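A short worksheet on the structure shown next.
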Amino acid sequence: MARVRSTAAAQARRDTWTWEATMRISDILRVKGDRVVTVSPDADVTELLTVLAEHKIGAAVVSREGGSVEGIVSERDVVRALAARGAAVLTEPVASIATAQVRSVTRTALVEDVERLMTERRFRHVPVIEDGALHGVVSIGDVVKFRIDELEAERSSLAGYITGERT
């Protein structure tokens, strides 16, 4: 009898792993939405800080018209520029501190792969781009929230399985 439970539990874990492995960035965007905050490369850093504070975000996509990506700029970029060049950086254009070589993903990218990319490259925001169009931005916070929700659903499912209650 214990062997049957063990086998069923192992199958449930395999089913969960298979399910997790197919979770895509589109699943995060479906919950989060595809709203993207952009800032012009010509805006000064003080304007950028106002935008970040107003929207309670840690990064903005640098774009002239809002549909393409010319760069990405984060709070971290501002802090580093301030440390290197002082307060004068606040009047410089955003383009002077933004990251121009932007790593992006598509909506079909696996969440696991994006987690790995963020960890290995040490960045917290990734634009979602397909066919040259901007479809969203995923942050490390979005990925962590998604994983927590995923683990909670798994815990609930396993608890229901153990107690015989189906959720």
Side-chain angles (χ1 to χ4, degrees), residues 6-41 48-49 51-81 94-162 166-167:
S6 176
T7 303
Q11 182 61 46
R13 281 194 304 274
R14 281 192 298 278
D15 291 346
T16 300
W17 292 334
T18 301
W19 177 72
E20 287 177 354
T22 61
M23 299 310 287
R24 305 206 178 267
I25 291 301
S26 59
D27 298 312
I28 292 177
L29 292 178
R30 192 173 12 269
V31 173
K32 173 189 176 173
D34 59 1
R35 193 185 111 208
V36 179
V37 175
T38 63
V39 62
S40 168
L48 165 68
L49 291 173
V51 167
L52 296 177
E54 178 182 313
H55 294 280
K56 298 179 180 154
I57 56 175
V61 171
V62 179
S63 178
R64 288 187 196 285
E65 76 285 339
S68 64
V69 176
E70 296 177 46
I72 192 163
V73 62
S74 70
E75 298 163 323
R76 210 184 251 186
D77 296 320
V78 175
V79 169
R80 288 180 179 150
V94 168
S96 71
I97 66 167
T99 301
Q101 298 286 3
V102 179
R103 292 292 305 254
S104 64
V105 297
T106 65
R107 290 179 285 196
T108 60
L110 295 175
V111 171
E112 177 183 321
D113 292 340
V114 175
E115 287 174 319
R116 189 174 299 107
L117 176 69
M118 290 175 149
T119 301
E120 289 172 359
R121 298 294 181 129
R122 300 183 53 81
F123 47 72
R124 301 182 216 174
H125 302 86
V126 180
V128 181
I129 301 172
E130 284 182 9
D131 300 323
L134 182 59
H135 290 280
V137 172
V138 175
S139 73
I140 191 70
D142 299 328
V143 172
V144 168
K145 180 188 179 313
F146 185 79
R147 282 292 188 203
I148 289 170
D149 292 347
E150 193 176 51
L151 289 171
E152 178 56 32
E154 180 181 346
R155 186 207 59 76
S156 179
S157 178
L158 288 173
Y161 177 79
I162 291 168
R166 302 290 179 196
T167 56

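What you see is a predicted model, and the numbers here were worked out from it, not measured in a lab.
- Shown here are the salt bridge (charged side-chain N to carboxylate O under 4.0 Å, His left out) partners of E130, two or more places apart in sequence or in another chain: R107.
- Summarising the geometry of T108 relative to R24, their closest heavy-atom pair is O-NH1, 2.6 Å, with the distance given to 0.1 Å.
- A side-chain hydrogen bond (donor to acceptor under 3.5 Å, both in side chains) check over residues 51-61, counting only residues at least two apart or in different chains, returns the pairs R35-H55.
- The minimum heavy-atom distance between E75 and I57, with the atom names listed, is OE2-O, 3.7 Å.
- Around the CZ atom of R124, the shell of radius 6.0 Å holds no more than 12 heavy atoms that belong to other residues, nucleotides or ligands.
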For this session: Using the side-chain contact (heavy atoms from CB on, under 4.5 Å) rule, take R76 and R80 through it: C-alpha gap first, then chi angles, then the decisive distance, then the call.
Result: CA-CA 6 Å; R76 210 184 251 186; R80 288 180 179 150; 3.6 Å; yes

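- Atom CD1 of I97 sits about 8.0 Å away from atom OG of S74, to the nearest 0.5 Å.
- Within the 4.5 Å cutoff, the side chain of V128 has heavy atoms near those of the L29 side chain.
- By the salt bridge (charged side-chain N to carboxylate O under 4.0 Å, His left out) test, R116 pairs with E112, D113, sequence neighbours left out.
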Query raised in the report: Going through the distances and angles, do V105 and V138 end up as a side-chain contact (heavy atoms from CB on, under 4.5 Å)?
Result: CA-CA 9 Å; V105 297; V138 175; 5.6 Å; no

Verify side-chain contact (heavy atoms from CB on, under 4.5 Å) between V31 and F146, making sure each step is shown before the conclusion.
CA-CA 9 Å; V31 173; F146 185 79; 5.6 Å; no

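- One finds the CE atom of M23 at 10.5 Å from the CG atom of L110 (value rounded to the nearest 0.5 Å).
- In this structure, the separation between CD1 on I140 and NE2 on H125 is 9.5 Å, given to the nearest 0.5 Å.
- Looking at residues two or more places apart in sequence or on another chain, you find a side-chain contact (heavy atoms from CB on, under 4.5 Å) between T38 and V36, V61, S63, L134.
- For the pair D27 and R30, the salt-bridge criterion is met [side-chain N within less than 4.0 Å of a carboxylate O].
- Partners of R121 according to the salt bridge (charged side-chain N to carboxylate O under 4.0 Å, His left out) rule, which considers only residues two or more places apart in sequence or in another chain, do not exist here.
- Under the salt bridge (charged side-chain N to carboxylate O under 4.0 Å, His left out) criterion, D142 pairs with K32, not counting sequence neighbours.
- G58 and L52 get closest at one heavy-atom pair: C-CD2, 4.1 Å.
- The two residues S139 and M118 have their closest heavy-atom pair at C-CE, 3.6 Å.
- The shortest non-hydrogen separation linking S40 to V94 is O-CB, 3.9 Å.
- Heavy-atom minimum distance, I72 versus V62: N-CG2, 4.0 Å.
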